[in-house]
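Hydrogens, waters and symmetry mates are skipped; everything else that's a heavy atom, side chains included, is used. In what follows, chains carry the letters A, B, and so on, assigned in the order in which the sequence lines appear, proteins first and then strands, with residues in each chain numbered from 1.
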Number of protein chains: 2
Amino acid sequence: MIVKEAIRFFAEIGFEGKTRDLASRIGITQPLLYRYFPSKESLIERVYQEIYVQRWNPDWDTLIPDRTRPLAERLIEFYQAYSHAVYDYEWVRIFLFSGLKSGELNDRYLSLIRDKILRPVCEELRHMNNLPSTDTIKIKEEELELAWGLHGMFFYRAVRHFAYNMPIVKNTDQAITNDVRLFLAGAPAVHKDIVERAR
Amino acid sequence: MIVKEAIRFFAEIGFEGKTRDLASRIGITQPLLYRYFPSKESLIERVYQEIYVQRWNPDWDTLIPDRTRPLAERLIEFYQAYSHAVYDYEWVRIFLFSGLKSGELNDRYLSLIRDKILRPVCEELRHMNNLPSTDTIKIKEEELELAWGLHGMFFYRAVRHFAYNMPIVKNTDQAITNDVRLFLAGAPAVHKDIVERAR
DNA sequence: AATGTTATTTATCATCTGATAATTTACATG
DNA sequence: CATGTAAATTATCAGATGATAAATAACATT
């Protein structure tokens, strides 16, 4: 109960939220928190762990590189599934709070995004557009930045909604579909130049 | 001096930053702050004002709708110019902190983005792709959401850099150019369907 | 019901924090 | 140089805040 409410509480208020307010929300007294957690900091650590756990489904590892299916289909399926895991009030806000605080914790997760989503996307884009494989010409920063653009379309929607409190788009799945289609239709126009430039 | 350092300070620490720490940074004593500002809250208000001022250049109003030039050229010029105004440590972080805190202040600014950037972009996209004008068929939520995608590519880069502390991309102008080119090349593939669906 | 153990609350501490009052320093003006 | 005013510092306050200790309530076992 403490952890569950702490996640909600810190997501809403930020980590400067007072232990008394948290306790009052749970319906217990403030010192009771200290029977279960030695300090506020340790409770926050627990919140981090809880929040970061199980946000990546191992099935997704094989989803993006599966060339038996059209890339658009794979990316749409992936981002729709992924959105169900991370398009979430608590996750988005705690991720932002944590980033603004130190950034340490986000590093791990951003590496995951880069290695499990963006690099594979670059590889598939190369393949789709008949460009040299990433073995012969390795992925360039500028190329990865293009893929971050796709991720930005996706994640900025969550930022607008959960951090800026903008009204939610009616059909998220449709918006994701549009983003991916636009991205894949537009990528060839710039991707080739980027790879050429990299030679 | 107080305001200048307060901006830097609150951007770094967040609005929970202590007045003593701020004073110590400026090199003055904490009570002296209260000679110039009646409360911490009023100082934060001042920081808001200072930060939001002059972030929009009136010249930009006519830049995006100027059909004598190619749309790509206009959008690239706009976003490169715009990035010089807002791609900034203090602005991005205070905007995020303020959003996470209440969202009130961001509303005004997001309305500006919508009305001065995204709606014009939708109108130009309609024109470029020979779709009905926004007078006959008004801009749909889903269509605006597409344009938010472009903005997301742009702004999420700033979030990654200033909130998550990711290393900066070497050539921001090139990245913006790529984003706009990709967006304009990809938009026709989805834009028509969206407008059709709106009928 | 008696007794020991665990869970929870009440009372409290030391420190921090925004804010104010009293005092001192710096400075401008004649 | 004297004197009045503004600027800044020192000394403090009241309430908040993370954390601890002591007391009480709840509960399980016999």
Side-chain angles (χ1 to χ4, degrees), chain A residues 1-52 89-90 93-106 163, chain B residues 1-53 89-91 93-106 163:
Chain A
M1 278 171 63
I2 290 176
V3 172
K4 193 184 159 193
E5 193 60 40
I7 290 172
R8 183 116 208 121
F9 178 73
F10 288 128
E12 198 173 309
I13 310 291
F15 297 117
E16 314 286 335
K18 317 304 178 191
T19 54
R20 275 168 181 80
D21 294 337
L22 169 58
S24 136
R25 277 204 190 191
I26 303 171
I28 60 174
T29 55
Q30 179 251 6
L32 189 54
L33 294 173
Y34 289 84
R35 180 162 195 93
Y36 297 93
F37 295 91
S39 68
K40 181 184 175 182
E41 198 50 41
S42 74
L43 176 54
I44 292 176
E45 281 302 318
R46 176 63 184 280
V47 167
Y48 279 145
Q49 280 174 24
E50 208 75 16
I51 266 289
Y52 280 93
Y89 178 89
E90 288 156 11
R93 290 179 66 97
I94 285 182
F95 195 74
L96 281 170
F97 274 124
S98 136
L100 287 164
K101 194 177 172 189
S102 79
E104 257 165 47
L105 228 133
N106 307 58
Chain B
M1 276 173 62
I2 290 177
V3 172
K4 192 183 160 195
E5 192 60 39
I7 290 172
R8 182 114 207 120
F9 178 73
F10 288 128
E12 198 174 309
I13 310 292
F15 297 117
E16 313 288 335
K18 318 303 178 191
T19 54
R20 277 169 181 80
D21 295 336
L22 169 59
S24 138
R25 277 205 190 190
I26 303 172
I28 59 172
T29 55
Q30 180 250 7
L32 189 53
L33 294 172
Y34 289 84
R35 180 164 194 92
Y36 297 93
F37 295 92
S39 68
K40 180 184 174 181
E41 198 49 41
S42 74
L43 175 54
I44 291 175
E45 282 303 318
R46 177 64 185 281
V47 167
Y48 279 146
Q49 281 175 23
E50 207 76 16
I51 265 289
Y52 279 94
V53 145
Y89 179 88
E90 287 156 12
W91 193 86
R93 290 179 65 97
I94 285 182
F95 195 74
L96 281 169
F97 275 124
S98 138
L100 286 165
K101 193 177 173 187
S102 78
E104 257 166 46
L105 229 132
N106 307 60

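- Recorded end-axis angle for the helix from C:dA1-D:dT30 to C:dG30-D:dC1 stands at 10°, based on five pairs per end and rounded to 10 degrees.
- Within the 4.5 Å cutoff, no side-chain heavy atoms of B:Phe37 are placed close to those of B:Ile44.
- Relative orientation of the B:Phe97 and B:Phe15 rings is perpendicular, given thresholds of 30° and 60° on the angle between their planes.
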Would you list the protein and nucleotides 6-8 of chain D atom pairs, both N or O, that sit under 3.5 Å from each other?
unit_1: D:dA8; atom_1: OP2; unit_2: B:Tyr36; atom_2: OH; d: 2.5

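- By the 6.0 Å and 45° rule, A:Arg46 does not stack over the aromatic ring of A:Tyr36.
- Side-chain atoms of A:Leu100 and B:Leu100, non-hydrogen and from C-beta on, do get closer than 4.5 Å to each other.
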Verdict with supporting geometry, A:Phe10 and A:Tyr48, ring-ring contact (aromatic ring centres under 6.0 Å, His included) | CA-CA 10 Å; A:Phe10 288 128; A:Tyr48 279 145; 9.3 Å; no

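- When all heavy atoms of B:Ala6 and B:Leu43 are compared, the closest pair comes out as CB-CD1, 4.0 Å.
- A salt bridge does not link A:Arg93 to A:Glu12: none of the charged nitrogens lies less than 4.0 Å from a carboxylate oxygen.
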How does protein contact run along nucleotides 14-24 of chain C, one letter per nucleotide 5' to 3', with B for base contact, S for sugar-phosphate only, - for none, heavy atoms under 4.0 Å?
-> ---BBBB----

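- Considering all non-hydrogen atoms of both residues, A:Arg25 and A:Ile13 come closest at NH2-CD1, 4.2 Å.
- Between the NZ atom in A:Lys101 and the CG atom in A:Leu96 there is a gap of 14.5 Å [rounded to 0.5 Å].
- A salt bridge does not link A:Lys40 with A:Glu16: none of the charged nitrogens is closer than 4.0 Å to a carboxylate oxygen.
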